[in-house]
Amino acid sequence: MSRAAARRFASILETVGNTPVVRVNNVAPKHVNMFVKVEAFNPLGSVKDRLALGVIEDAERRGTLKPGQTVVEATSGNTGIGLAMVCAQKGYPLVVTMTETFSVERRKLMRFLGARVVLTPAAERANGMVKKAQELAAKHGWFQSKQFDNEANADMHTRTTAQEILRDFQGEKLDYWVTGFGTGGTLKGVGRVLRKERPETKIVVCEPSVAPMVGSGSAQPRHPDGLPSGSHPAWTPHPHQGWSPDFISSLTQHAIDDKLFDQVIGIDNADAMKWSRELARREGIFVGISSGATFAGAVKVAAQAPQGSNILCMLPDTGERYLSTPLFGEISVDMTPEEIDIAKSTPSAQIATTPSSSSLLHHP
């Protein structure tokens, strides 16, 4: 049942998916039609809510997840938050492993939802948190959801995200679909459907310019079982949390091998920040750094696209879990001089201000 048709739901889990496609009016180039799929409309605010529900219900169907069994997952935050929601509703304890550098908002959200958060050293990158989750699952007999390798991740996007896109562009052309990759679930799950159902659609993958793993063409070091054995040689740290770990996942590798995309675009950190802010201030669309980065890629696509092209860009998550990151570094907590002037323009309700409490901007 679609969100538009339903007024009541049996549980919060029925509200996952059916996110809106929204036209971008004020910041899009005028010669194209720019649309964004706003995944922040999922109940816990990101595209990873789909993954979380998909992998848990797949494990239930297969019998690999037992009633009351603890779930463990390595996450940059959004998958852990989605899993915390699903596990809370279904009654599974959840332990997440997460690199210590990811935003504190993510830790707090997961703990608020009842999960336990185990931090891993920044120096060990995403590989470190994955290894920790593997160790914990083996030692304690916990169910590891394996978001980077689990086919149920991609299958969920094939059943939901891809079908929503086909529905929303039924009878219309879709010239470009622009996305990041992260776990590879969205890219593989949607990409294979578009290749079959809309072969005219060009699929564009974005990644940080400082971590051009896909664009470099360099091989990902792997164990004999195909899982990553270490960091990709082209990866360096970047602020796009969850958008590009330090390895090419199995699901992303499948998308590469199956040629499920046509172009790779590198995105500078400054452009990611810029477009996240522009979407907020000029469109009222409140999204995070990875969304700003993906939209930056869509803007680059638009610059070369023919007149009248329809471009759809994925926006993975809300901006609320970036409040402690550089994305909000220029947002003042106290009143700015301009705001103080506005306050003083009428006589009532004045508060005392000092230079320290009315500084221009707080920088990280």
Side-chain angles (χ1 to χ4, degrees), residues 19-24 27-29 32-42 45-51 76-79 157 161-162 164-165 174-191 194 201-215 238-245 249 252 255 260-280 282-283 285-305 309-319 321-322 325 327:
T19 55
V21 167
V22 177
R23 187 181 180 111
V24 177
V27 301
V32 299
N33 304 307
M34 185 87 81
F35 301 91
V36 291
K37 189 162 176 61
V38 189
E39 290 296 299
F41 276 77
N42 281 301
S46 91
V47 67
K48 298 299 181 65
D49 292 355
R50 298 179 187 262
L51 179 170
S76 64
N78 280 336
T79 297
H157 287 287
T161 319
E164 294 164 26
I165 292 171
L174 177 57
D175 299 291
Y176 301 90
W177 179 61
V178 185
T179 184
F181 60 91
T183 67
T186 305
L187 174 59
K188 179 179 179 179
V190 176
L194 292 180
T201 301
K202 292 182 173 60
I203 298 175
V204 181
V205 172
C206 302
E207 64 180 352
S209 58
V210 297
M213 296 188 294
V214 176
H238 58 82
H240 312 163
Q241 297 185 21
W243 202 48
S244 179
S249 72
T252 301
L260 294 183
F261 53 89
D262 302 285
Q263 183 181 359
V264 181
I265 296 179
I267 305 300
D268 293 339
N269 296 339
D271 285 341
M273 303 283 189
K274 169 191 170 182
W275 286 110
S276 179
R277 294 171 181 139
E278 287 291 287
L279 284 169
R282 297 182 61 190
E283 297 286 347
I285 299 174
F286 183 49
V287 290
I289 298 172
S290 56
S291 295
T294 312
F295 190 79
V299 171
K300 290 187 175 185
V301 168
Q304 305 297 323
S309 293
N310 286 345
I311 302 171
L312 175 62
C313 171
M314 298 296 294
L315 300 184
D317 70 356
T318 175
R321 48 206 59 163
Y322 297 87
T325 74
L327 182 62

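Along the sequence shown, residues are numbered consecutively beginning with 1.
Contacts of F35 classified as ring-ring contact (aromatic ring centres under 6.0 Å, His included), with partners at least two apart in sequence or in another chain: F169. For the side-chain hydrogen bond (donor to acceptor under 3.5 Å, both in side chains) test, no residue two or more places apart in sequence or in another chain qualifies with S276. Remark: S309 pairs with no residue by the side-chain hydrogen bond (donor to acceptor under 3.5 Å, both in side chains) rule, at least two apart or across chains.
Side-chain contact annotation: S291 with T294, donor-acceptor N/O pair under 3.5 Å absent. Donor-acceptor pairing under 3.5 Å is recorded for the side chains of Y322 and D317.
The shortest non-hydrogen separation linking I267 to A296 is CG2-CB, 3.9 Å. The shortest non-hydrogen separation linking A28 to V24 is CB-O, 3.6 Å. S46 and R321 make their closest contact through CB-NH1, 4.0 Å (heavy atoms, listed as atom of the first residue, atom of the second, distance). Of all heavy-atom pairs spanning C313 and A298, the tightest one is CB-CB, 3.9 Å. Annotation for E164 and T19: closest pair OE1-N, 3.4 Å, computed over non-hydrogen atoms. Closest of all the heavy-atom pairs between E207 and V214 is OE1-N, 3.0 Å.
Using a distance-only test at 3.5 Å, with no hydrogens or angles considered, a donor-acceptor pair links the side chain of R277 to the main chain of L327. Counting only distance, with no hydrogens or angles, the side chain of E283 and the backbone of V27 share a donor-acceptor pair below 3.5 Å. The backbone N or O of D175 sits nowhere less than 3.5 Å from a side-chain atom of K202 that would complete a donor-acceptor pair.
Using a 4.5 Å heavy-atom threshold, the side chains of N42 and K48 count as separate. With a 4.5 Å cut-off on side-chain heavy atoms, V204 and W177 do not count as touching. Under the 4.5 Å side-chain criterion, counting only non-hydrogen atoms from C-beta, P29 is in contact with M34. Taking the side chain as every heavy atom from C-beta outward, L312 and K37 approach each other to under 4.5 Å. Using a 4.5 Å heavy-atom threshold, the side chains of V178 and M314 count as separate. In this structure, the side chains of L51 and T183 come closer than 4.5 Å at one or more pairs of heavy atoms. Side-chain contact between V287 and F295 is absent, with no heavy-atom pair separated by less than 4.5 Å. Side-chain contact between I203 and L187 is present, with heavy atoms from C-beta onward closer than 4.5 Å.
Separating the CZ atom in R50 from the OG1 atom in T79 is a distance of 13.5 Å, to the nearest 0.5 Å. Here CG of L174 is found 4.0 Å from OG1 of T201. Values are rounded to the nearest 0.5 Å. Expressed to the nearest 0.5 Å, how far CG of D262 lies from OH of Y176 amounts to 9.5 Å. Between the CG atom of L260 and the OG1 atom of T179 there is a distance of 12.0 Å, given to the nearest 0.5 Å. Atoms OG1 and CD, from T186 and E39 in turn, are 7.0 Å apart once rounded to the nearest 0.5 Å. Of the inter-residue distances, the one linking W275 atom CH2 with L315 atom CG reads 12.5 Å to the nearest 0.5 angstrom.
More than 12 heavy atoms of other shown residues, nucleotides or ligands fall within 6.0 angstrom of atom NZ in K300.
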Worksheet item: Going through the checks in order, is the side chain to side chain contact (heavy atoms under 4.5 Å, CB included) test met by F181 and M213?
Response: CA-CA 11 Å; F181 60 91; M213 296 188 294; 3.9 Å; yes

Item to complete: Please lay out, stage by stage, how I265 and V301 fare under the test side chain to side chain contact (heavy atoms under 4.5 Å, CB included).
Response: CA-CA 9 Å; I265 296 179; V301 168; 3.7 Å; yes

